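Below, chain A is the first sequence line, B the second, and so on; all start at residue 1. Only a predicted model underlies this, so the values are computations on that prediction, with no experimental measurement involved.
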There are 2 protein chains.
Amino acid sequence: MDETQDTETQSMAQKGRVHRRALSAVFGDGSRPLYKEVKLALTRLLSSGDVGPGEAIPTEKQLCEQFGVSIGTIRKAIDELVAERVLVRQQGRGTFLVSHTPERMLNRFWRIVGRNGAREIPIVQTLTFKRSVADDAIAAALGIAKGDAVFSIVNLQLLGGAPVVLDEIILPHAAFPNLTEQGLRTRDTTMYGYYQEAFGVNIINVFDKLSAIKADKFVAEHLSVKVGEPILKVQRIACTFDNQPVELRYSQIQTENYEYHNTMGMQST
Amino acid sequence: MDETQDTETQSMAQKGRVHRRALSAVFGDGSRPLYKEVKLALTRLLSSGDVGPGEAIPTEKQLCEQFGVSIGTIRKAIDELVAERVLVRQQGRGTFLVSHTPERMLNRFWRIVGRNGAREIPIVQTLTFKRSVADDAIAAALGIAKGDAVFSIVNLQLLGGAPVVLDEIILPHAAFPNLTEQGLRTRDTTMYGYYQEAFGVNIINVFDKLSAIKADKFVAEHLSVKVGEPILKVQRIACTFDNQPVELRYSQIQTENYEYHNTMGMQST
DNA sequence: AAGTGGTCTAGACCACCAT
DNA sequence: TGGTGGTCTAGACCACTTA
């Protein structure tokens with residue numbers, strides 16, 4: 001009996017190794033763990049648009065068969081994408097690509113919170129929309145070449161009926177090929193939701209740099225403050241998969257009644 | 001042969017269930033997953049001081065035996081603590097409680113970065129140290145009662161030889177019972193490293209609220225700016241396990257040459 | 001060489017959701 | 001009822017560190 005068991009476990013392990021080699025041949029050079037290969041394949045599935053926002057990826061069992069690996073390996077790949085907040089699991093239903101709805105945005109990339117702690121969805125007014133070309137700073141931030149075509153958008157954001165944030169948003173033409181002022185104005189979702197739905201651009205990560213500056217005349221007029229008043233300036237680079245930058249944004253924020261919140265780490269459970 | 005296998009797997013599953021019940025009786029009400037119980041036990045191990053900063057926790061195999069659970073369950077518990085950056089794994093060596101060395105702090109809770117992107121370790125000068133009592137705002141932020149004893153510290157931080165950050169730090173007496181000005185001044189590590197080494201207080205998570213204000217006279221003098229110049233103000237609440245607040249800090253930052261950096265999400269791999 | 005964490009297997013049962 | 005993800009087992013072998 002003991003003998004039987006040993007032989008079995010032995011053969012199971014062997015099988016595992018064989019699978020690994022076979023898959024390496026299919027997926028890569030074999031130097032990457034299997035679950036990373038699976039993760040990469042899932043990432044491609046998502047970024048290719050085969051799975052749209054809010055849609056389910058194949059079930060864990062299906063993925064097992066598709067990739068010829070154990071369910072534990074599939075789960076580890078999905079675990080990482082869940083940790084990166086690309087996917088969300090729902091017990092009994094499936095695993096889904098996150099959809100950038102206004103409600104979800106509120107707790108994800110939106111950092112402006114009332115001094116009383118209230119989070120609210122801003123009303124966005126597009127002030128200007130124009131085509132332009134990248135200068136050195138824009139090219140460096142977006143990882144494109146100087147002179148490449150970009151869109152330049154100025155948005156005013158209202159909170160509690162008052163103007164609080166003035167944004168200048170620069171988008172590379174290459175990632176948003178058919179963007180029009182009309183499309184932008186008539187969207188019925190957040191900016192990031194629009195990127196996702198209309199262009200298949202999923203914002204996965206953002207990098208913010210904050211500083212305090214004086215309000216210039218343009219800002220002062222739109223945010224109803226005096227010239228020279230302190231303003232919170234945020235430079236944001238928003239990235240899609242592989243941390244590829246797809247949006248550069250300069251926000252100027254009037255922080256009399258609102259603050260920028262940043263929580264590091266995760267809530268323990 | 002098939003029969004043998006079926007009987008075995010059956011008995012394995014049964015054994016698993018028995019274990020679960022037995023442990024539930026030991027650890028809790030059974031409504032919590034086993035790995036959460038293990039995680040909680042590990043957290044207690046760390047917060048009790050049985051494992052000091054930089055020290056190794058028991059090996060995965062030891063924990064298996066100690067808790068009577070499978071290695072996969074232990075790993076899932078450790079996985080979460082690693083994700084929360086409480087533990088760090090080192091293949092071939094062990095799993096360790098993070099130590100808040102200056103180098104590690106630089107990429108964890110320290111957010112002030114030069115405009116050229118350079119991170120540097122600040123030089124800290126303690127300007128004042130006094131005992132005080134909590135007012136309403138402090139009591140609310142630290143989760144203590146109004147009138148409770150606190151320490152109030154003012155630090156000036158130099159970067160590149162120039163004063164950049166002025167901190168007011170409020171610490172509850174209860175969490176730092178024997179704190180003295182002498183001890184604070186003669187520490188040879190970061191503030192958070194000092195909390196950890198001298199008081200067993202591990203900072204796990206911080207919450208920052210940022211706004212732009214005008215420099216007052218006190219700040220202007222210490223940061224070498226004019227009164228009224230824009231200053232980046234950060235209110236930070238630093239927490240230990242279970243998000244229990246143990247430090248309240250008001251930082252005022254001169255952002256001419258430095259910025260506050262915030263990276264959301266994690267870097268994909 | 002011995003010991004650590006890292007990867008992976010091939011399932012089982014449970015909790016939950018939809019129909 | 002059937003299908004989903006959530007938890008858990010009892011190992012195996014690999015990669016790496018330390019002595």
Side-chain angles (χ1 to χ4, degrees), chain A residues 2 4-24 27 30-39 56-65 67-82 87-96 269, chain B residues 2 4-24 27 30-39 56-65 67-82 87-96 269:
Chain A
D2 280 338
T4 309
Q5 208 173 346
D6 283 344
T7 310
E8 253 176 58
T9 33
Q10 184 80 12
S11 86
M12 268 158 60
Q14 292 287 355
K15 202 167 150 199
R17 212 162 59 225
V18 169
H19 270 167
R20 198 207 187 303
R21 292 219 173 109
L23 278 164
S24 297
F27 288 120
S31 68
R32 213 192 323 269
L34 257 184
Y35 76 91
K36 291 285 187 189
E37 302 282 2
V38 173
K39 186 183 173 189
I57 64 170
T59 68
E60 296 180 346
K61 193 171 290 180
Q62 286 171 340
L63 291 169
C64 284
E65 290 164 10
F67 293 110
V69 301
S70 170
I71 193 167
T73 303
I74 297 293
R75 287 189 62 81
K76 184 150 187 179
I78 294 178
D79 279 345
E80 289 202 353
L81 289 166
V82 169
L87 298 176
V88 287
R89 282 199 245 251
Q90 287 183 248
Q91 190 177 24
R93 300 222 312 128
T95 302
F96 306 84
T269 44
Chain B
D2 280 338
T4 308
Q5 208 173 346
D6 283 345
T7 311
E8 255 176 57
T9 33
Q10 185 79 13
S11 86
M12 270 159 58
Q14 291 287 354
K15 202 166 148 196
R17 210 162 59 224
V18 169
H19 270 166
R20 199 206 187 303
R21 291 219 173 108
L23 277 164
S24 297
F27 288 121
S31 69
R32 214 192 322 271
L34 257 183
Y35 77 91
K36 290 286 186 188
E37 302 282 1
V38 173
K39 186 183 173 188
I57 64 170
T59 68
E60 295 180 347
K61 194 172 290 180
Q62 285 171 341
L63 291 169
C64 284
E65 289 163 11
F67 293 108
V69 301
S70 169
I71 194 168
T73 303
I74 297 294
R75 287 189 62 82
K76 183 149 187 179
I78 294 178
D79 279 346
E80 289 202 352
L81 289 165
V82 168
L87 298 176
V88 288
R89 282 199 245 250
Q90 288 182 249
Q91 189 177 23
R93 301 222 312 127
T95 302
F96 305 84
T269 44

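Under the side-chain hydrogen bond (donor to acceptor under 3.5 Å, both in side chains) criterion, B/Lys76 pairs with no residue at all, not counting sequence neighbours.
Using a 4.0 Å heavy-atom cutoff across all strands shown, B/Lys76 reaches sugar-phosphate atoms only and no base atom. B/Ile71 comes within 4.0 angstrom of a nucleotide base, judged by non-hydrogen atoms across all strands.
Applying the 4.0 Å criterion to OP1 and OP2 of D/dG5, one finds that A/Thr95 has a side-chain N or O inside that range. Taking only side-chain nitrogens and oxygens, B/Thr73 never comes nearer than 4.0 Å to OP1 or OP2 of D/dT7. Distances shorter than 4.0 Å separate none of the side-chain N or O atoms of A/Ser70 from OP1 or OP2 on C/dG11.
Atom CG of B/Leu81 and atom C1' of C/dG5 are 16 Å apart (whole Å). Put simply, CD on B/Glu65 is 14 Å from C1' on C/dG3, counting in whole angstrom units. Residue B/Leu34 contributes atom CG, which lies 15 Å from atom C1' of C/dA12 at whole-angstrom precision. Atom CD of A/Glu60 is separated from atom C1' of D/dG3 by 12 Å (rounded to the nearest Å). Put simply, CD1 on A/Ile74 is 18 Å from P on D/dT7, counting in whole angstrom units. Put simply, OH on B/Tyr35 is 16 Å from P on D/dG5, counting in whole angstrom units. For the pair B/Leu87 CG and C/dG5 C1', the interatomic distance rounds to 13 Å; values are reported in whole Å. Straight-line distance from the CZ atom of A/Phe96 to the C1' atom of C/dC17: 10 Å, rounded to whole Å.
Checking side-chain atoms of B/Thr59 against main-chain N and O of B/Gln62 turns up a donor-acceptor pair under 3.5 Å.
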Polar atom pairs (N or O), protein with nucleotides 15-19 of chain D, under 3.5 Å:
from	atom 1	to	atom 2	distance (Å)
D/dA15	N3	B/Gln91	NE2	3.2
D/dT18	OP1	B/Arg93	NE	3.4
D/dT18	OP1	B/Arg93	NH1	3.3

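Listed nucleotides D/dG5, C/dC8, D/dT9 differ in distance to A/Arg75; the shortest reach to its side chain belongs to D/dG5.
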